[in-house]
Structures are given as C-alpha cells and as structure tokens.
Protein chains: 2
Amino acid sequence: MTSCQQCVVRNRAICSSLSAPELEVLNKIGRRVPVHRGQTLMWEGDDSLLVANVIDGVLKLSTSTADGREQIVGVVYPSDFIGRPFGSTTQHSVTALCDAQVCLFTRSAFDDFARTHPELEHKLLQRTLTELDRARHWMLLLGRKSAGERVATFLLEMAQRLADASCSGGDAVERFELPLTRQQMADLLGLTIETVSRQLTRLRQAGIIDLPDRRTVVILDHEAMEAEAGNG
Amino acid sequence: MTSCQQCVVRNRAICSSLSAPELEVLNKIGRRVPVHRGQTLMWEGDDSLLVANVIDGVLKLSTSTADGREQIVGVVYPSDFIGRPFGSTTQHSVTALCDAQVCLFTRSAFDDFARTHPELEHKLLQRTLTELDRARHWMLLLGRKSAGERVATFLLEMAQRLADASCSGGDAVERFELPLTRQQMADLLGLTIETVSRQLTRLRQAGIIDLPDRRTVVILDHEAMEAEAGNG
DNA sequence: CAGCATCATTGACATGGGTCAACGCTCTGG
DNA sequence: CCAGAGCGTTGACCCATGTCAATGATGCTG
C-alpha cells in the first residue's frame, strides 16, 4: 500500500495539517486512483459521493447550459482539492486534461473524518476561500474584458500557476506547455475557438509571444503582455 | 448593549453554531454598525482588517479593471458573511445597496475566535462552499449566456433569493422590489445599462413581466421566464 | 507510408450588443 | 410651480466577436 507519508503533495495538500497517526487513519479511507486524459471523474448534477486530492496532473471543472454550451469554471493542479464535501450534489463536472492521479475518498468517510479534525477543516476553509477569490476574479474577466485581454490574462495566469506548481521560486516561467486545447481555452475564457486562435496569432505577430508548437507558449515581452491583459 | 441572543439572524448566520456562553464571548468582540446606502465598507486591495455578518439590508461585492470597468461578483443578504478571514488582503469592495446593518469584527479577533471554535469554522466552510458553487454558476452566465438569458436568469434568481430571505416558505415571489439600479444590474450581468433596459422592455412587451415602477418587477409568466433564461 | 481523425488557422460574412446621443420621468429644494 | 439632477428609455449606428466554411498541420493506426 502506498503511504501518505511518501505522497508528493503531502506538504501542500490539506493533509499537511495532520500528524503521523492521523495520516495513518486517512490513509485507510483514501485510495490512489489514476485518471486518464479526457476521463470524467464526477458529473454535474450527480449526487456528491466522492471527493479527492489531486496528486498529479491537471483537471478542469465545468458546467453547461441545457443546449450544450460549456463553461470551464476552474482548473485544478496537484495538491488542490476537488469535489463537494458537506453537500448533496456536485455542481460541476470534473474531467482530466491530461493523465492524472488523485487520492480518492468517499464523501461520507471524508466528511466524518473532517468533522473530527478541525485542523483539516481549517486548511480546507483556507483553500476554499482562496478558490472563491479566484473565481470572483475570473468573473471580472468574463464580464468585462475584451477577447485580447482575456487571452493575455489567461497566458499570464497560466505562467504564474505553473511556476507556483513547479519549484522555480515563484517567478513566472516564460516558456510553458499549455495543458488545454484551443477549444478548452475558449471554454475557459467565454470565447470561441476561432477568436482564441486569432488573438494568439495577433500576439505572435506583434512579437509579444512565440508559439513553437501548438501546446507551447513563450512569453517574449512580459511587460507588453501585462498591458495587453489590461493590468495597469 | 444589544445582545446576540436577540439578533434577528441568530439562527441563520454562522453564529447559530454557538452555545449561549460562547455567544457571550463573541458578543464582546463584535459590534453592530449601521451602513448607509452607497457607503463602502471595504475596498478592493485593502489590507483585510474587518469581517462582518450582515444583519439587515443588501450589499454588493465588486471588482474593477484598472480603467474603471466594474463587475459585481456577489450580492449578500441578511445572515451572509462578508470579508476575508485568514487572508491578508480583501479582493473586492463591499458596498451597501440600501441602508443596512452589519455585525462587525476586527479580522484578528474573529480569526482567533474562529480558530478556537471548530463548529463556527465548519459553518463558515459550508457557507464558503455554497458561495463558491454560486460564483461558478454565475461564470456560466457571464461566459456563455446571451443578454436576454442573463436578464431573465437574474430576475428568476432574485425572486428566489428574496423568497428565501423572507418567510414565504421558499416559493419564489412573483412580485418584488429590485435592490439594484439598472447600472448595478448591468455591472452584475456583464452588460451595459442600455442592453439591460432593452431586454426588460422586451420581456414586458412580450407580456412575461410587468414593471409597475422602476424598482418593482412582477413575473407574470414563470414558465416563459424559465425558457427565456435558457433553462431547458 | 497512406489514410484518417483531430486540432488549429484563416477568410468572408453576419449579428448581438456596445456606443453615442436625445429625450422622458421623478424627485428634491427653493 | 420651476429648475436641475439623477435615473431610465429609446433610436441610430458601428464594431468586436460569433458563425460558417475551407484549408492546413499533426499524429495515430494499420
């Protein structure tokens, strides 16, 4: 059995609040599960039966209108928490953007454990508050920013979050791999795939970014990107 | 001194988790404060020094771009919690939409109290999870819905939330007073004031709603409204 | 290596909603 | 009762972005 003690996200996930013996108990109720690219772990509207910690990989949270228009409402990385504890239904689908690993719990077992471990709940609260701030910040982008600003903002944020996730000391990396297709970028930004593509082309032709291949982005002029994003 | 025991939101706010003696202690660190219409209680980007429970009235949470475009990212009602506990900065401004009353705490005092009262933190966690679901749901509206759908969705949600807040047993009321001006509706829906006005006129001319005066809305055909909102 | 599926780019065109401007209603204070 | 301010409505016009369609890359499979 894989032990929590050796878990790569041990010190960043909400589990970091737990002592060795507590971790032992948590270890018994959770199991490590691989999730393949494109696989959906939870569906919008389902009963909330599972929650999980992301160990490795990137997943999207999404909702759709009745007629099939999709909006990505969050992107989660290793050490992030997914699912809806203390609630009866899951409000959005969770789908792997690349092959991933999660540490899965039944909601009932997790809820029980959390209720008896205030430190864990506190970590979860902090994480949820941060996610709420992030979601609300994204609402400004969706409600008020132009297509050009959206794409630039997205690229800057992606650079930042991938830098945070790696160990590069917090500086945004200027070269990175997108974990999203163009369609997924469009679904995240509230645009169409064509508009995303045109904005990327525009930024490339302006010499602000480079796109060596369709998954790679190089930010050539960070200052110009900030201006494009409407910061400042 | 006004006692928590007599507070109108006593049974709905996060304080409902507390026993009489605990409430006694909380009573000492909080104070009831009136907030006038238009008054801003916290500013985006400020150090997070205050948190509060809403006792009476309606307030908006908002963010802006550098060049002044505004987006309302949340609307809070009696018993809701405002401010950013366990964090150093407030990510959005909080402004009263009508004269209101809040129960104000310094963040440090509240944080200390919360850390030693897991039941309170649990309530706060539940509330925050619900707010996060709500914010993400709104992202679908901002990213993917048409102007007509946005206005209809807003009116239905407002009817629902005002019904929840009053004691009408949970049924949406078909007649209600808007706590928002047209500009504020536009800021919430990611539209302009003209578009909001035109969509309201359209719904009125279609016989789906009535607008007896500029603050009052009457939903005449609830089914048609659901269709307008894109809830197939 | 050929054939096919998937993903991305580009162009031409259409349109929803933004912009600008005029006007109307309502309330307040003198 | 009038003047002015604030808020809302309506109309004309325009442009950013969506829509539709063709083409180009990339990579997988047999």
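Note that these values count all heavy atoms, side chains included, but never hydrogens, waters or copies made by symmetry. All values reported here derive from a predicted model rather than from experimental measurement.
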When you check the gap from the basic side-chain N to the acidic O, do Arg150(B) and Glu228(B) get nearer than 4.0 Å? no
Specify the separation, in whole Å, of atom CD of Gln184(B) and atom P of dC7(D). 9 Å
Whole-Å gap separating P (dG17(C)) and CG (Leu141(B)): 12 Å
How long is the line joining CD of Gln205(A) and P of dT10(C), in whole Å? 7 Å
Using a strict 4.0 Å threshold on nitrogen-to-oxygen distance, state whether Arg69(B) and Asp187(B) make a salt bridge. no
Atom pair distance, as rounded to whole Å: CD1 in Ile193(B) and P in dC20(C): 15 Å
Whole-Å distance between dG11(C) C1' and Gln199(A) CD? 16 Å
What is the distance, rounded to the nearest whole Å, between atom CG of Leu189(B) and atom P of dG16(C)? 19 Å
Hey, are Arg161(A) and Asp80(A) close enough for a salt bridge, meaning a charged N less than 4.0 Å from a carboxylate O? yes
Cut-off 3.5 Å, side chains only: do Gln199(A) and Thr201(A) have a donor facing an acceptor? no
B/S/- along nucleotides 18-23 of chain D (protein heavy atoms under 4.0 Å) is SBB---
Do Arg136(A) and Glu44(B) sit within salt-bridge range, that is, some charged N less than 4.0 Å from a carboxylate O? no
Arg69(B) CZ to dG18(C) P: how many Å, rounded? 12 Å
Please give, in whole Å, the distance from dG6(D) C1' to Arg214(B) CZ? 7 Å
If you pin Lys145(A) and Arg215(B) to their nearest nucleotides in DNA chain D, which one's is more 5'? Arg215(B)
May I ask you to decide if Leu178(A)'s main-chain N or O and Arg215(A)'s side chain share a donor-acceptor pair within less than 3.5 Å? yes
OP1, OP2 of dT10(D) versus side-chain N and O of Ser197(B): anything below 4.0 Å? no
